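Predicted model only: the values in this text are computed from it and were never measured. Whatever order the structure lists ligands and atoms in, that order sets their numbers, starting from 1.
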Amino acid sequence: MGDTLQASYRQAMRSLTSAVCVVTTRYRERRFGMTATSVTSLSMSPPSLLFCVNASASLHDPVVGSGRFCVNILDACQEHLAQDFGGKLAREDRFRGGVWSEGDYREPCLDDAQANVFCRVDAIHDYATHSIVIGLVSEVRVRGTVTPLLYQDGRYTVGLGDGIDWVVSIGG
Ligand SMILES: Cc1cc2nc3c(=O)[nH]c(=O)nc-3n(C[C@H](O)[C@H](O)[C@H](O)COP(=O)(O)O)c2cc1C
């Protein structure tokens, strides 16, 4: 890819606003986590999503090895966690902030995230530097208002909350 095309593509992506998530897993008794904006809903039937992970990221091989992961959809007040899991802190240190519990497979679950979506890895497609990981949803925990942390133009920002206030847990 030419420098000009790469630069203009990068510039175009700065105008693509994305919700910020922390994807986590547990593998061989260790916790791993990474900030990700590549999480996308794939299908409602079956409930499934995907995210893209760089093959060099510390989360990559543990997700492949464990076959399980949790998508923690961050709240507007959790920018510090996005920074920590985006590489600011060393790996296990990333879990010092936030209140963490566990899923059925001991995946780290951020209790005060907007939502936690637990998945089993159903398919992985390698593409260039990244793997596209497709997860089949096995459990969902949602809570509170819809107040997403967003990433746009290389910065964190917040969306408009809708004021919904409810708590529900589905699946198991
Ligand atoms: C806002 C934001 C979004 C990111 N989204 C992704 C992503 O979708 N996929 C990815 O592989 N890395 C993404 N990254 C980079 C990883 O979070 C970062 O490289 C990783 O946590 C650090 O690598 P390490 O765990 O190997 O130290 C993102 C970083 C930030 C700050």
Side-chain angles (χ1 to χ4, degrees), residues 1 6-7 9-43 48-98 100 102-103 105-110 112-137 146-161:
M1 191 188 285
Q6 202 165 54
Y9 174 59
R10 192 183 295 276
Q11 181 60 34
M13 289 301 101
R14 293 178 80 90
S15 60
L16 184 67
T17 306
S18 308
V20 184
C21 302
V22 169
V23 181
T24 56
T25 194
R26 181 180 292 270
Y27 186 55
R28 294 183 171 159
E29 293 308 313
R30 289 181 62 199
R31 297 181 290 181
F32 298 85
M34 180 192 86
T35 297
T37 48
S38 58
V39 174
T40 301
S41 175
L42 180 57
S43 164
S48 51
L49 55 71
L50 65 82
F51 75 100
C52 306
V53 56
N54 196 306
S56 68
S58 60
L59 181 80
H60 183 277
D61 291 354
V63 163
V64 174
S66 69
R68 294 273 170 180
F69 64 92
C70 179
V71 173
N72 302 277
I73 305 175
L74 295 188
D75 186 84
C77 68
Q78 293 174 323
E79 180 180 333
H80 60 292
L81 293 176
Q83 290 177 352
D84 292 350
F85 282 84
K88 184 176 169 193
L89 292 186
R91 304 190 176 155
E92 182 65 21
D93 292 345
R94 295 173 188 176
F95 291 93
R96 285 190 189 159
W100 295 90
E102 294 178 350
Y105 293 84
R106 301 196 59 213
E107 315 94 313
C109 169
L110 181 62
D112 51 357
Q114 287 191 102
N116 317 103
V117 184
F118 297 88
C119 296
R120 174 173 67 75
V121 175
D122 203 30
I124 299 178
H125 299 284
D126 295 334
Y127 184 81
T129 51
H130 282 63
S131 294
I132 303 163
V133 180
I134 297 174
L136 194 60
V137 177
V146 176
T147 50
L149 178 66
L150 304 176
Y151 195 71
Q152 172 186 290
D153 194 15
R155 289 191 300 268
Y156 295 97
T157 182
V158 295
L160 296 174

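Taking 4.0 Å as the cut-off, Arg91 counts as a neighbour of ligand 1 on heavy-atom distance. Between Leu59 and ligand 1 there is no heavy-atom distance shorter than 4.0 Å. Contact annotation: Arg94 has at least one heavy atom less than 4.0 Å from an atom of ligand 1. In this structure, Tyr156 is part of the shell of residues with a heavy atom less than 4.0 angstrom from ligand 1. Within the structure, the closest approach of Val20 to ligand 1 does not fall below 4.0 Å when heavy atoms are considered. Ligand 1 is never approached by Ala82 to a heavy-atom distance shorter than 4.0 Å.
Nearest non-hydrogen protein atom to atom 10 (C) of ligand 1 is Met34 CE, 3.4 Å. The protein atom (non-hydrogen) at minimum distance from atom 19 (O) of ligand 1 is Gly86 O, 4.5 Å. Looking at atom 30 (C) of ligand 1, its nearest protein heavy atom turns out to be Thr35 CG2, 3.8 Å. Counting protein heavy atoms only, atom 8 (O) of ligand 1 is closest to Ser38 OG, 2.6 Å. Atom 11 (O) of ligand 1 has its closest protein heavy atom at Asn54 N, 2.8 Å.
Note: Leu150 CG to Arg155 CZ = 12.5 Å, rounded to the nearest 0.5 Å. The CD1 atom of Ile134 lies 7.5 Å from the OG atom of Ser48; values are rounded to the nearest 0.5 Å.
Taking every heavy atom of Tyr151 and a limit of under 4.0 angstrom, the matching atoms of ligand 1 come to 1 (C). Under a 4.0 Å criterion applied to the non-hydrogen atoms of Ala57, ligand 1 contributes the atoms 26 (O). Close approach to Val53 involves these atoms of ligand 1, each under 4.0 Å from a residue heavy atom: 11 (O).
Between Phe95 and Trp100, the ring-plane angle classifies as perpendicular under the 30° and 60° cut-offs.
With hydrogens and angles disregarded, no donor-acceptor distance shorter than 3.5 Å links the side chain of Gln83 to the backbone of Leu89. A donor-acceptor pair under 3.5 Å is formed between the side chain of Asn72 and the backbone N or O of Leu110. For Arg94 (side chain) and Gly33 (main-chain N/O), a donor-acceptor pair under 3.5 Å exists by modelled atom type.
For the residue pair Ser131/His125, the side-chain donor-acceptor check at 3.5 Å is not satisfied. Looking at Glu107 and Asn116, their side chains never bring a donor and an acceptor atom within 3.5 Å of each other. For the residue pair Asn54 and Thr129, no side-chain donor N or O sits within less than 3.5 Å of a side-chain acceptor on the partner.
Centroid-to-centroid, the aromatic rings of Phe118 and Phe69 stay 6.0 Å apart or farther.
Residue Ser58 holds the heavy atom nearest to atom 26 (O) of ligand 1 of all those in Ser18, Gly33, Ser58. Taking each of Ala36, Cys52, Ala19 in turn, the one with a heavy atom nearest to atom 9 (N) of ligand 1 proves to be Cys52.
By the 3.5 Å distance cut-off applied to N or O atoms, Phe85 is counted among the residues near ligand 1.
Each of Arg30, Arg31, Arg26 was checked for a salt bridge (Lys or Arg N to Asp or Glu O under 4.0 Å) with Glu92, and the lone residue meeting it is Arg31.
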